[in-house]
Amino acid sequence: MTDGYAGIQGSIGWIGKMKKNSFIQGAVILAVSGIIVKLIGAVSRIYLSRLLGGEGIGLYQMAYPIYLLCLSISTAGLPVAISIMVSERNAIHDFLGGQRILKIALSVLTLTGLLFSVGLYFGSSVLIDHHIVRDPRAYWSLIALAPAVFCATISATMRGYFQGLQNMTPTAVSEVIEQFVRVVTMIGLAIILLPKGLEFGAAGATFGAAPGAAAAILTLGWFYWHDRKHRKMWYMSQDKSIVPDSTWNIMKRLFILAIPVSCANIMIPIVSNIDLFIVPKRLEVAGFNVEQATTLFGYLTGMATALINMPTIVTSSMSSSLVPGISEASIKKDFDTIRRRARTALRLASVFTLPAAIGLGVIATPISTMLYATANAGPCIAVMSIGIFFLGIQQVTTGILQGLGKTAVPFINLIVSGCVKVAFSWNLTAMPQFGVLGAAFATDTDFAVAAALNLLFLYRYMRFNMDYGHLLKVAIASAVMGVAVYFSFGAIIGAIHSNTLSALLAICIGVVVYALGILLTKAIKPEDVRTMPKIGPKLAAIIEKISF
């Protein structure tokens, strides 16, 4: 009897400890895994860019947005809904309810994942025949991605469950393993199949998504099995007065939350597909032939877009971590906690994204040469670097709104910003003086409009504003850093005549200058970092001593 009571108390204590982990700790875990994933992906992308060239990467990028669209529809936004609902159930100690949510969602998504996987396989020829995908060589890349839809749907569902428990470790570990398996497979198959033709090399690269997602399922399954003892203790500590929701009520609540999230998720690949459907065609209007248009499209989406997404690893991680944290505070009507977490997240978002935007912009061409062995992607990178800051703000504010249960708002805002992008991309890309840079400007505008609208709705719901005084501090530190990077690169390359070494040294100088800038101006506050795992308290003490 005593052992059983101790077990129950241990379970409650373990859950309580888990819930005391701040969203920053969860964001750090996801950010570390995200950095590892992005580094692995960046190395593979650089190698593939050299192996396949701009034309081969263009074929790869023509297929991948279709895959993302199918995945977004097949998951139907349920992973985010699962995260919200599991967090809500655990907040009131309804642990059995959280398990039922997972089982019901898995049943639904297994079916949808299978349907869309089969649909992509048999529908690829339709996309080619109707010139939705303009280069017929992309057919093999499309069918190679079909199995990945099913596997990725299942893994996304399980990640949503663990995130609802505010346990980000399973998601982080599974993402790293998935990326490693994916990259090994894609590079191996690209090398093997490239002698058969460029289209087959690109198809081999795209197929890597399937075994990677399968490896993620196995990893998440292991974590679920490993936590079986904790679940048993949860069941023993279940509040017996709670009446379980019916299957119908759970499904209704899931879809009420999920449908707007799904629509928002669909908008992301749709926005990517805007480039696919518009850019190559409008480049032809501007005077480029099909091969040239495909190559420029590869520079835009395969090189520039991939690079500007890297600095937003932190903001994407914060967004995922914010959803269950905000949801838990929301169900308890703890609005002070909601505002505090939102304010901290937006401050950190600006600290990471604004210097990245300026730093990448001032030496875009040297970075393109260093990473992709071509300077031709430099102009696209320079223009699109502007969007890093706006994308980061949009991601974080989306997480806040979803945690508040306002899941429809980010979707509506994405529709508006997507329409703006269509108008800009259609007109600017067809102008010879802009060309592919017109599409890059359109993407920046898309991010800026979406971020501004999200902030507008946060003010409407919570009377919440960004800390613009803090943003000014970050902007000053970033501007000084940008000047230092620009002139140091020019001086170093004039002395050693090595683009790669000059770029790396200039980046290091920029990091030091920026770190001093934000510490001296106290752009990062001690409370922003105090809850970081292990290093947080020490880092907070250093900030207290150095800043003024």
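Heavy atoms only: backbone and side chains are in, while hydrogens, waters and symmetry mates are out. All residue numbers in this chain count up from 1 along the given sequence.
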> Under the side-chain contact (heavy atoms from CB on, under 4.5 Å) criterion, do F489 and N499 qualify, and how do the steps go?
Replying inline: CA-CA 9 Å; F489 174 80; N499 178 82; 3.8 Å; yes
Hey, are the side chains of [X] and [Y] touching, using non-hydrogen atoms and a 4.5 Å cut-off?
X    : Y    : result
F352 : V474 : no
T353 : P311 : no
Y514 : V485 : no
L307 : Y372 : yes
V323 : Q163 : no
V108 : L254 : no
T374 : Y299 : yes
P280 : T294 : no

> Run the side-chain contact (heavy atoms from CB on, under 4.5 Å) check on L142 and I66 step by step: do they pass?
Replying inline: CA-CA 8 Å; L142 287 168; I66 304 293; 3.8 Å; yes
Which heavy-atom pair separates [X] from [Y] by the least distance, and what is that distance?
X    : Y    : value
V37  : E175 : CG2-O, 3.5 Å
M85  : L257 : CG-CD1, 3.7 Å
Q179 : G41  : NE2-CA, 3.3 Å
A377 : M303 : CB-SD, 3.9 Å
A215 : I177 : CB-CG2, 4.0 Å
F162 : P170 : CD2-CG, 3.6 Å

> Taking the inter-plane angle between the rings of W225 and W222 on a 0 to 90° scale, is it parallel (under 30°), tilted (30 to 60°) or perpendicular (over 60°)?
Replying inline: tilted
Nearest 0.5 angstrom please: [X] [atom1] to [Y] [atom2], how far?
X    : Y    : atom1 : atom2 : result
S321 : I326 : OG    : CD1   : 9.5 Å
T153 : F116 : OG1   : CZ    : 9.0 Å
R182 : S44  : CZ    : OG    : 6.0 Å
Q395 : I313 : CD    : CD1   : 10.5 Å
I143 : L127 : CD1   : CG    : 12.0 Å
F150 : L115 : CZ    : CG    : 10.5 Å

Between the main-chain N or O of [Y] and the side-chain N or O of [X], is there a donor-acceptor pair closer than 3.5 Å?
X    : Y    : value
T219 : S174 : no
S117 : A146 : yes
T110 : L106 : yes
S155 : A213 : no
S316 : T312 : no
S87  : I84  : no
T397 : Q394 : yes
T305 : L300 : yes

>> For a side-chain contact (heavy atoms from CB on, under 4.5 Å) check, start with the C-alpha distance between V183 and V43, then their side-chain angles and the critical distance, and finish with the verdict.
In response: CA-CA 9 Å; V183 165; V43 171; over 6 Å; no
>> Pair T295, E291 - check side chain to side chain donor-acceptor pair (under 3.5 Å), show working.
In response: CA-CA 6 Å; T295 300; E291 288 74 18; over 6 Å; no
>> Would N376 and S368 count as a side chain to side chain donor-acceptor pair (under 3.5 Å) here? Give the steps.
In response: CA-CA 8 Å; N376 294 334; S368 175; over 6 Å; no
Please output the side-chain donor-acceptor pairs of residues 195-211 that fall under 3.5 Å, not counting sequence neighbours, one pair per line with the distance.
from, atom 1, to, atom 2, distance (Å)
T206, OG1, S141, O, 3.3
T206, OG1, A203, O, 2.8

> Listed by chain and number, what are the salt bridge (charged side-chain N to carboxylate O under 4.0 Å, His left out) partners of E284, not counting sequence neighbours?
Replying inline: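 Residues passing salt bridge (charged side-chain N to carboxylate O under 4.0 Å, His left out) with E284: R134.
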>> Is it true that, when you exclude Y67 itself, more than 12 heavy atoms of the residues, nucleotides or ligands shown sit nearer than 6.0 Å to its OH?
In response: yes
> Quick check: are there more than 12 heavy atoms from other residues, nucleotides or ligands sitting under 6.0 Å from OH of Y486?
Replying inline: no
Just list the side-chain donor-acceptor pairs under 3.5 Å for residues 357-367, sequence neighbours left out, or say none.
none

Under 3.5 Å, side-chain donor or acceptor atoms of residues 436-448 against the rest of the protein: list the pairs with distances, not counting sequence neighbours.
from, atom 1, to, atom 2, distance (Å)
T443, OG1, K421, NZ, 2.9
T443, OG1, A439, O, 3.1
D444, OD1, G387, N, 3.2
T445, OG1, F441, O, 3.0
D446, OD1, S417, OG, 2.9

> After noting the C-alpha distance and the side-chain angles of F277 and V422, does the key distance pass the side-chain contact (heavy atoms from CB on, under 4.5 Å) rule?
Replying inline: CA-CA 10 Å; F277 299 146; V422 169; over 6 Å; no
> Who are the ring pair (Phe, Tyr, Trp, His ring centres under 6.0 Å) partners of H497, not counting sequence neighbours?
Replying inline: none
>> Tell me which pairs pass salt bridge (Lys or Arg N to Asp or Glu O under 4.0 Å) where either residue lies in residues 140-164, with sequence neighbours left out.
In response: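 Qualifying pairs, neighbours excluded: R159-E178.
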